[in-house]
Structures are given as structure tokens and as C-alpha cells.
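Beneath this line is the structure, given in C-alpha cells, with notes to follow.
Counting from 1, the numbers follow the sequence of the chain as shown.
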Amino acid sequence: MNALPTVGVIGAGAMGAGIAQVAATAGHPVCLVDAVEGAAERACGRIATSLQKRAAAGKMAADEATAIAARLTPIGSAAELPPCAVVIEAIVEDLDVKLALFEVLGRSQPADTMLATNTSSLSIDAIAPAAAHPGRVLGLHFFNPPPAMKLVEVIRGQVTHPDVLERATRLVKEWGKVPVRCASTPGFIVNRVARPFYGEAQRMVAEGASPAVVDACLRSAGFRMGPLELTDLIGQDVNLAVGTSVWRQTQRDPRYAPTAFQEELVGAGRLGRKTGRGVYTYAADGTAVDAVADPADVERMLAAGTVGNPVTRTLAMLVNEAVDLVDRGEAGPADVDLAMTLGTGYPKGPIAWGREIGFTRVRDHLRELDAAYPGGRYRPSPALDTLT
């Protein structure tokens with residue numbers, strides 16, 4: 001059996017270390033790099049310890065844990081990486097820093113090495129020109145934690161070579177992950193389509209709705225967590241940063257405008273569970289002490305018309321966002337639904353949900369919302385009139 005080619009990973013934080021573990025588990029020698037001295041060595045040690053604990057718990061064979069850890073090698077710098085089949089960067093979300101890295105990789109790696117960014121918010125088209133042979137640059141967006149999460153968004157830039165996309169898609173499958181393809185559009189699939197899930201809830205609370213009731217309504221529709229408790233878990237600052245990035249990259253489209261509600265939370269340091277207070281207040285064990293909804297209030301809200309019903313509002317916006325993404329040719333309907341069910345745990349994909357509700361009915365809900373809140377946020381996708 002031929003040995004598998006080497007994989008390079010730049011960035012030894014939680015995401016980079018997780019990607020390195022995934023590649024090593026699939027049998028690749030992995031070289032891990034971090035700009036902070038000693039960080040790559042410490043990450044390799046943490047992975048080895050985690051694998052040993054899994055083996056001790058009977059979740060994997062001890063010799064397998066040892067073999068995976070042995071495939072990990074810390075390297076001093078990106079320029080010192082040996083020739084790799086793919087190099088994946090998972091460093092800070094700073095375009096200038098990424099451009100400098102891809103310039104180094106472009107010079108130091110062979111012309112057929114795939115150069116991938118794990119960015120969740122930056123344009124592949126902005127990064128690719130820094131590398132020699134920019135057609136080999138693409139996005140491989142893993143979800144946290146990479147060893148556990150199955151989804152990987154395979155992102156094509158305008159100049160990404162089709163063969164590179166095919167090779168990357170095949171590699172992701174070989175690593176036991178589920179690839180979905182998307183163009184380099186702000187937020188890609190998951191982080192773009194998901195924006196209304198958070199935004200509608202925040203707007204309703206700003207209008208006077210109870211956060212606990214809004215969350216309970218969305219859970220009743222099959223979502224694992226309500227949007228307000230979920231942003232407290234993610235971190236209000238982190239969620240706001242992603243949303244703001246999408247908004248700016250879409251020329252400040254009102255669909256993605258950050259809410260004053262969330263900006264005020266972040267400004268006040270109410271970032272969620274990690275600070276003990278966000279939308280809710282948390283006890284020392286992380287339990288929210290003020291998140292219980294009155295069932296009668298939940299029933300009343302679910303019986304309300306379009307404007308006052310968080311489920312109707314949220315689903316209409318999720319379907320609309322997904323339909324627009326497909327209509328622009330940035331992703332296929334099956335990939336959108338797969339991405340949203342795997343990447344966010346939604347009970348159904350938004351395209352499938354649109355078929356169930358009826359696309360023209362979704363359009364009518366949006367028209368009602370647009371009349372209540374003029375300004376463009378609720379404009380229906382023209383494609384809603386043509387889908388069946």
C-alpha cells in the first residue's frame with residue numbers, strides 16, 4: 001500500500017489542531033505550524049493526550065491512538081514545510097496576514113499543491129492572487145470541532161481550477177467528512193443562510209417580546225436551541241462579528257444589518273455564557289436562571305399572524321435566503337439543505353422547508369413583513385415565484 005501524501009496545517013489553535021487530527025486519523029503524515037513559538041508542539045501533545053484518553057475509555061484502540069499521534073510533526077515555519085498534497089491555513093481572520101502567508105506558500109510549495117483557507121468570512125478571490133498559480137487556491141471551511149463535525153464547505157474562487165475542486169472534494173470524503181460546494185460568496189452557505197435565524201429573534205425582542213418565549217417557539221419548530229440562547233453559547237461578540245462581516249461584504253444589504261439589540265449587548269460586555277450574562281443571566285454551572293417561558297405565552301405567540309410569530313418570520317427568511325443563494329448559482333439546492341442540517345443541526349433544510357410550506361406562501365409572508373417593515377430586509381426573492 002502506498003503511503004499517503006503529507007498534509008500541512010498552519011495554525012495550531014483549536015481549529016487548526018482539529019484539522020490536523022482529522023488528516024492524521026485518515027492516515028496522512030501531518031506537519032503543523034504556528035507563528036507562536038512552541039504552540040505547534042503543545043498542540044501535538046494535546047492531541048496525543050486526547051487520543052490516549054479516548055483509548056483508555058475504550059473508544060478506540062490504543063495502537064491506533066499511538067499511530068495517529070506519531071503522524072503529527074511540529075514544524076518551525078510555513079516556508080519549512082515539505083512538499084504537501086494540500087496546505088490548510090486556520091490562522092487569524094485578517095486578510096493582510098493571510099495574504100502574506102499565501103505568498104510564502106506560493107513560493108515554497110510545488111505548483112500542484114492545493115492551498116486552502118479555512119476562513120469563515122473572507123473572500124477566496126481576495127486571497128488567491130497572493131499565491132503563485134492562484135488556480136490552486138480554494139476554501140475548505142471546517143466546522144468546530146473538526147474531528148466531530150462532518151460538514152466541510154468546499155469553496156471555489158473565480159479562478160479555482162475545476163481539477164482542484166475535484167481533488168479537494170475527493171480528499172474531504174476520504175477523511176470521512178461530507179463536502180458541500182459553494183462559490184466564494186459572503187458567509188458561504190451556512191454563515192449566510194443562518195443570519196435570519198438570529199436576526200429575527202433579536203428584532204422581536206427589541207420590539208418587546210420575551211427572549212424565553214421566542215426561544216421556546218423556535219424549539220417547538222424542531223430547532224435544537226433557540227436563537228437567543230444559541231448566540232449566548234456562541235458568544236454575542238463572535239456572532240456579531242460574523243454577521244457584520246457578511247453585511248459589509250454585501251455592500252451593507254439591509255437583510256444582514258446588525259441589530260442595535262446585539263450591538264448593545266456586546267458594548268455592555270454581555271457576551272453570553274462566557275461572561276455570565278448575555279441575553280440571559282447564567283449561574284456558575286452555566287445554567288440560565290431567567291430562561292423559562294410561560295407555556296400560555298408561547299401558545300399565544302405561535303397563534304399570532306406573520307409579523308408576531310417568530311417561527312413564521314424565521315422560516316420565511318431562511319427559505320428566502322436559501323432560494324436566493326441557489327438562484328444566484330452559488331450553491332445547489334441539495335448542498336444548501338445538507339449544509340444547513342449538518343452544519344447547524346436544523347431539523348430540515350430550508351429548500352425542503354420551502355417546498356413543505358409552499359414557496360408562494362413564503363413569498364406572501366415576506367410581502368406582509370416588507371409592508372410592516374419597509375426598507376429591503378424582507379424583499380422576496382424573485383425565484384419564489386418560479387419554484388414548485
Side-chain angles (χ1 to χ4, degrees), residues 192-231 239 243 246-247 250 253-262 279 293-327 333 336-337 340-341 344 346-388:
R192 185 158 185 173
V193 175
R195 299 333 301 164
F197 184 66
Y198 315 115
E200 289 309 297
Q202 291 165 15
R203 283 167 169 79
M204 294 192 76
V205 171
E207 293 165 4
S210 158
V213 172
V214 171
D215 274 348
C217 287
L218 270 299
R219 289 195 301 270
S220 78
F223 293 96
R224 293 177 188 171
M225 296 181 73
L228 299 157
E229 60 182 334
L230 180 55
T231 49
N239 186 259
V246 171
W247 177 59
T250 55
D253 188 322
R255 274 190 188 165
Y256 314 107
T259 64
F261 173 80
Q262 189 172 46
V279 176
D294 184 327
D297 290 339
V298 175
E299 280 189 32
R300 278 193 292 272
M301 189 164 266
L302 289 173
T306 299
V307 173
N309 187 322
V311 174
T312 302
R313 281 177 67 157
T314 301
L315 292 186
M317 288 291 280
L318 289 174
V319 172
N320 197 46
E321 195 61 53
V323 165
D324 248 1
L325 190 76
V326 173
D327 189 50
V336 170
D337 278 358
M340 299 313 293
T341 52
T344 64
Y346 286 2
K348 296 174 187 173
I351 300 296
W353 228 325
R355 290 196 183 98
E356 182 178 297
I357 298 167
F359 291 111
T360 56
R361 189 176 177 200
V362 169
R363 177 205 61 199
D364 292 342
H365 289 320
L366 291 164
R367 287 176 176 170
E368 188 174 343
L369 286 162
D370 191 46
Y373 306 100
R377 174 175 173 80
Y378 298 99
R379 66 187 187 278
S381 170
L384 289 169
D385 289 321
T386 63
L387 292 171
T388 57

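At least one donor-acceptor pair under 3.5 Å links the side chain of N320 to the backbone N or O of S381. Side chain of T231 to backbone of L228: a donor-acceptor contact under 3.5 angstrom is found.
Atom CE of M340 sits about 12.5 Å away from atom CZ of R192, to the nearest 0.5 Å. With rounding to the nearest 0.5 angstrom, the CG atom of L318 is 7.5 Å from the CH2 atom of W353. Between R363 atom CZ and I357 atom CD1 the span is 14.0 Å, to the nearest 0.5 Å.
A salt bridge between R379 and D253 is present, with a side-chain N of the basic residue lying under 4.0 Å from a carboxylate O of the acidic one.
No side-chain heavy atom of F223 sits less than 4.5 Å from a side-chain heavy atom of L230. Residues N239 and R195 have side chains in contact (heavy-atom distance under 4.5 Å, counting atoms from C-beta outward). Residues L218 and F197 are in side-chain contact: their nearest non-hydrogen atoms beyond the backbone lie under 4.5 Å apart. Contact check for E356 versus K348: side-chain heavy atoms found under the 4.5 Å cut-off. L384 places none of its side-chain heavy atoms less than 4.5 Å from the side chain of T360.
Residues passing the salt bridge (Lys or Arg N to Asp or Glu O under 4.0 Å) test with E229 are R219, sequence neighbours excluded. Listed by chain and residue number, Q202 satisfy the side-chain hydrogen bond (donor to acceptor under 3.5 Å, both in side chains) test with T259 (two or more places apart in sequence, or in another chain). In this view, R300 and D297 satisfy the salt bridge (Lys or Arg N to Asp or Glu O under 4.0 Å) rule, not counting sequence neighbours.
Heavy-atom minimum distance, P347 versus A221: CG-O, 3.8 Å. The two residues I351 and A322 have their closest heavy-atom pair at CD1-CB, 3.8 Å. Across all their heavy atoms, G349 and T341 have their closest contact at N-CG2, 3.5 Å. Contact between P196 and M317 at its shortest, heavy atoms only, is CB-CB, 3.4 Å. For D370 against G376, the heavy-atom pair with the smallest separation is OD1-N, 4.1 Å. Minimum interatomic distance between P350 and D337 (heavy atoms only, all atoms of both residues): N-OD1, 3.1 Å.
Partner of T306 under the side chain to side chain donor-acceptor pair (under 3.5 Å) criterion, chosen from R367, E368, R313: E368. When each of V323, D324, L325 is tested with V193 by the rule side-chain contact (heavy atoms from CB on, under 4.5 Å), just one qualifies, namely L325. Evaluated for a side-chain contact (heavy atoms from CB on, under 4.5 Å) with D215, the options S220, P227, P310 yield exactly one hit, P227.
Aromatic ring orientation, Y373 versus Y378: tilted (interplanar angle from 30° to 60°).
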